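The structure appears right after this line, and notes come after that.
As the structure is a prediction and not an experimental result, all values here were calculated from the model. First the proteins, then the strands, lettered A, B, ... as listed; each starts at 1.
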Amino acid sequence: MSFKQRTHTCGELRTSHIGNYITLNGWIDRVRDLGGVLFIDMRDRYGKTQIVFNPQKCSSEVYELAKELRSEFVVSVSGNVEKRPEGTENSDLPTGEIDVIISSLEILNRSLTPPFSISEEDGTNEETRLKYRYLDLRRDAVQKNLLMRHKMYQVTRNYFSENNFIEVETPVLMKSTPEGARDYLVPSRVHHGKFYALPQSPQTYKQILMVAGFDRYFQIVKCFRDEDLRADRQPEFTQIDVEISFPDEELVYKIVEGCMTRLYKEVLNVEIPSPFPRMSYHDAMEKYGSDKPDLRFDLQLTNVTDVVKDSPFRLFAENVAKGGAVAGMKISNGNEIGRNQIDGYTDFMKKLGAGGLIWGRVVGDKIESPTEKHITQEYFQKIAKKMNCVDGDLILLASGSWINTFSWLGTLRLEIARKRNLIPASAGWDETQMKFLWVTEFPMFEFNEEEKRFVAMHHPFTSPSMEDVHFLDSEPNKARARAYDLVLNGNEIAGGSIRIHSSELQSKVFSLLGIGEEEAKRKFGFMLDAFKYGAPPHGGIAFGFDRIAMLMSGSKSIRDVIAFPKTTSAMSLMDEAPSEVDEKQLKELHIRVI
RNA sequence: GGGGUCGUAGCUCAGUUUGGUUAGAGCACCUGCCUGUCACGCAGGGGGUCGCGAGUUCGAGUCUCGUCGACCCCGCCA
């Protein structure tokens, strides 16, 4: 098909172009047929321009053809740019001072009536939008997000390149690793019964690159995890993967802060203050009940274990005696919260697995509570004092193991914040609402109840703090890791660690994780071997690129910043992946569906 | 694996509480009229497996059970 190449885009014509004969290629956005004259908004990714078919200014053939135009037809039009008549300018459009009076029209393609409007935001449900993703992607909001994402790639590559990092691609078909998330597996045709795994992250490769002397590596890379999805979790997602030789934590922080600052400045023209504040994992848990606290609102927690350890309330005393924790959340002016709502919070806690929720109101200098006769006024007063309560506050208390008590309250904290509208409307571009935080001093290990063993909290290559190394032999649960997460408004947007670079220490950590010598050799032998040939101290971090894009665009889900996302059941509604395959394909792969 | 919200016209939704005539509205679509609109306007028209399947009932969009799908959360996500 031959058609006239465009001379301009639909976003660029101004009064300076008046008098020019121009050609536009694009889509029909909206048709306004006034009986005589026909006004049409024409759209491409650069903007919209009003084109005009006037039967007195074009041939009757062109005019008759123009009357066939409908939304989403693809056309090539040519005509003269003219100034709009006095009083008919449209100040909402950058091109609103001119019209293009069309003399030539070619319909390049017709369109069915689209299932939802491209030009109008009508709240079409996500299911429909994902099925017709090619139409959804025409919408202005989605185009803006992907354009912003493109800028993020550019800024990221420039920033790391300028700082001596080199981009290296690592394999997508790799060895399955036993730790961490469930792997996506790819069967090997050549090797019967053997499988590749898609990378959960290029972790081992980037460490090997450090051994190889590349010194500073980065990659914008897809990672895959076969776990259940969330608004901020897709089975395949993008990381900015970074590794540095001869680092300490301060160097990593500095490089990351530099990257975030550049991204916000160059993509959104927002100055974010740095360095970012820091908080230990322990403090984050005890103050906010989360290892990724949202600091945009208060509602802090207080550990009252010491206060209640010898209280007459047996639930508390016994829990403390067996090593548990009791903690409280203070809701300032919470007296307006009715009994119904508190009962709702109690149900919420029970669904999380908590025994319940104990509460009291500060009224004058008394605490009023249905549990008062058990806890006693005396101990309630002590609790209130520890929590710095004043008249009108509502106290919510939970009791259980340390991790559960604070996690439950942390989850409740977010729920209450949502219910009470304490979280500012998502404004990813407002620097006063950007609460960055480094969370540091994570434990090396956490105990997995299901498997009855320690698992690495970050990953098995994370170095313990030098001062905690001695705990590895005595009390591994007390050892802290040289790991760090970057948190923004309650979202984990980057996480990393200083790695182990000694073959011996790495073997010891593997054994603590229940990975025997034999298994370690089989799964990670190449890495342990590599460490025997002069591995430099190294460490790094990986950014959740989609999450950063989500926050910077003010989106509620990473699906809004991914061109072709999957649903919460990991389906792609447009192309219907995953799908069944031919028997022939299975045979070649030596696989049978059972 | 568990909890919750939702599913009615192409799209957004009302109707479901308390079962009862032919299931409605706006937008979109089609036809006609209309020469300065920009959410054009006016008149008329077409369009429904009430997600799907059982059950209760004289009668089910409405009640019950099951099931499928989307979304949110817990578990899970080194």
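- A salt bridge is defined here as a Lys NZ or Arg NE, NH1 or NH2 lying under 4.0 Å from an Asp or Glu carboxylate O, and A/Glu72 with A/Arg138 meets this definition.
- Summarising the base pairing, B/G24 is matched to B/C13 through a Watson-Crick or G-U wobble pair whose two defining distances lie under 3.5 Å.
- Comment: A/Asp140 engages A/Lys144 in a salt bridge, judged by a side-chain N to carboxylate O separation of less than 4.0 angstrom.
- A salt bridge links A/Glu415 to A/Lys419: one of the charged nitrogens lies within less than 4.0 Å of a carboxylate oxygen.
- A donor-acceptor contact under 3.5 Å links the side chain of A/Arg233 to the base of B/C76.
- Under 3.5 Å, the side chains of A/Ser407 and A/Asn404 contain no donor-acceptor pair of N or O atoms.
- Side chains of A/Asp241 and A/Tyr217: a donor on one and an acceptor on the other come within 3.5 Å.
- Contact annotation for A/Glu415: no contact, since no heavy-atom pair falls under 4.0 Å across all strands.
- Heavy-atom nearest nucleotides on RNA chain B were determined for A/Lys351 and for A/Thr128, and the one closer to the 5' end corresponds to A/Lys351.
- Across the C1' atoms, B/C29 and B/C11 are found 11 Å apart, a figure rounded to whole Å.
- Looking only at atom types and distance, the side chain of A/Gln203 has a donor-acceptor partner in the side chain of A/His459 under 3.5 Å away.
- Nucleic acid contact class of A/Asn125 (heavy atoms, under 4.0 Å, all strands): sugar-phosphate only.
- B/C63 and B/U18 are spaced 11 Å apart, taking the C1' atom of each and rounding to whole Å.
- B/U21 and B/U16 have their P atoms separated by 13 Å, given to the nearest Å.
- Remark: B/G46 base-pairs with no nucleotide in the shown strands. Criterion, Watson-Crick or G-U wobble with two distances under 3.5 Å.
- Whole-Å rounding puts the A/Ile558 CD1 to B/C71 P distance at 12 Å.
- Checking B/C76, B/G69, B/C77 against every side-chain atom of A/Ser569, the shortest atom distance belongs to B/G69.
- B/C77 is unpaired under the Watson-Crick or G-U wobble criterion, no partner having all donor-acceptor distances under 3.5 Å.
- For the pair A/Asn491 CG and B/C77 C1', the interatomic distance rounds to 15 Å; values are reported in whole Å.
- Within the model, atoms CG of A/Asp232 and CG of A/Asp546 stand 10.0 Å from one another, a figure rounded to the nearest 0.5 Å.
- B/C76 atom P lies 15 Å from atom CD of A/Glu179, rounded to whole Å.
- With respect to A/Lys350 and A/Asp347, no salt bridge is recorded, no charged nitrogen being found less than 4.0 Å from a carboxylate O.
- Distance, A/Met457 CE to B/C76 P: 11 Å, rounded to whole Å.
- Sorted by first and then second residue, the pairs that involve residues 479-502 of chain A and meet salt bridge (charged side-chain N to carboxylate O under 4.0 Å, His left out), not counting sequence neighbours, are A/Glu243-A/Arg499, A/Glu249-A/Arg482, A/Glu441-A/Arg480, A/Glu467-A/Arg480, A/Asp468-A/Arg480.
- Atom CZ of A/Arg84 sits in a crowded spot, with more than 12 heavy atoms from other residues, nucleotides or ligands closer than 6.0 Å.
- Here A/Thr567 reaches the OP1 or OP2 of B/A70: one of its side-chain N or O atoms lies under 4.0 Å away.
- Taking atom C1' in both B/G36 and B/C30, the straight-line distance is 26 Å, to the nearest Å.
- Of the listed nucleotides (B/C71, B/A70, B/C29), B/A70 has the atom at the smallest distance from the side chain of A/Met571.
- Spacing of P atoms, B/U56 relative to B/C65, comes out at 15 Å, to the nearest Å.
- In this structure, the nucleotide among B/C76, B/C77, B/C72 sitting nearest to the side chain of A/Thr568 is B/C72.
- Heavy-atom neighbours of A/Tyr196 OH from other residues, nucleotides or ligands within 6.0 Å: at or below the threshold of 12.
- Under the Watson-Crick and G-U wobble criteria, each requiring two contacts below 3.5 Å, nucleotide B/C33 is paired to B/G41.
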In B/S/- notation (B base, S sugar-phosphate only, - none; protein heavy atoms under 4.0 Å), nucleotides 31-42 of chain B written 5' to 3' is S--BBBBBSB--

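- A/Glu227 has its CD atom 6 Å from the P atom of B/C77, to the nearest Å.
- A/Asp560 places its CG atom 12 Å from the C1' atom of B/C71, with the value rounded to the nearest Å.
- In this structure, B/A54 and B/U64 make a Watson-Crick or G-U wobble pair, each of the two defining distances being under 3.5 angstrom.
- Side-chain atoms of A/Thr170 and A/Gln219 include a donor-acceptor pair closer than 3.5 Å.
- For the C1' atoms, the distance linking B/U67 with B/G46 amounts to 34 Å, nearest Å.
- Taken residue by residue, residues 404-413 of chain A places no heavy atom nearer than 4.0 Å to RNA chain B.
- Using a 4.0 Å heavy-atom criterion, one finds that A/Ser201 contacts the bases of the nucleic acid, with or without backbone contacts as well.
- Put simply, CD on A/Glu68 is 17 Å from C1' on B/C29, counting in whole angstrom units.
- Each of B/C76, B/C11, B/C71 was ranked by its minimum atom distance to the side chain of A/Phe116; first place goes to B/C11.
- In this structure, the NZ atom of A/Lys419 is 14 Å from the P atom of B/C73, given to the nearest Å.
- Using atom P as the reference point in both B/U12 and B/C76, the two lie 35 Å apart (nearest Å).
- The shortest distance between the side-chain N/O atoms of A/Arg129 and the OP1/OP2 oxygens of B/C11 is not below 4.0 Å.
- Atom P of B/G41 sits at a distance of 13 Å from the matching atom of B/G26, rounded to the whole Å.
- With B/G69, B/C73, B/C29 as the candidates, the nucleotide lying closest to the side chain of A/Glu127 is B/G69.
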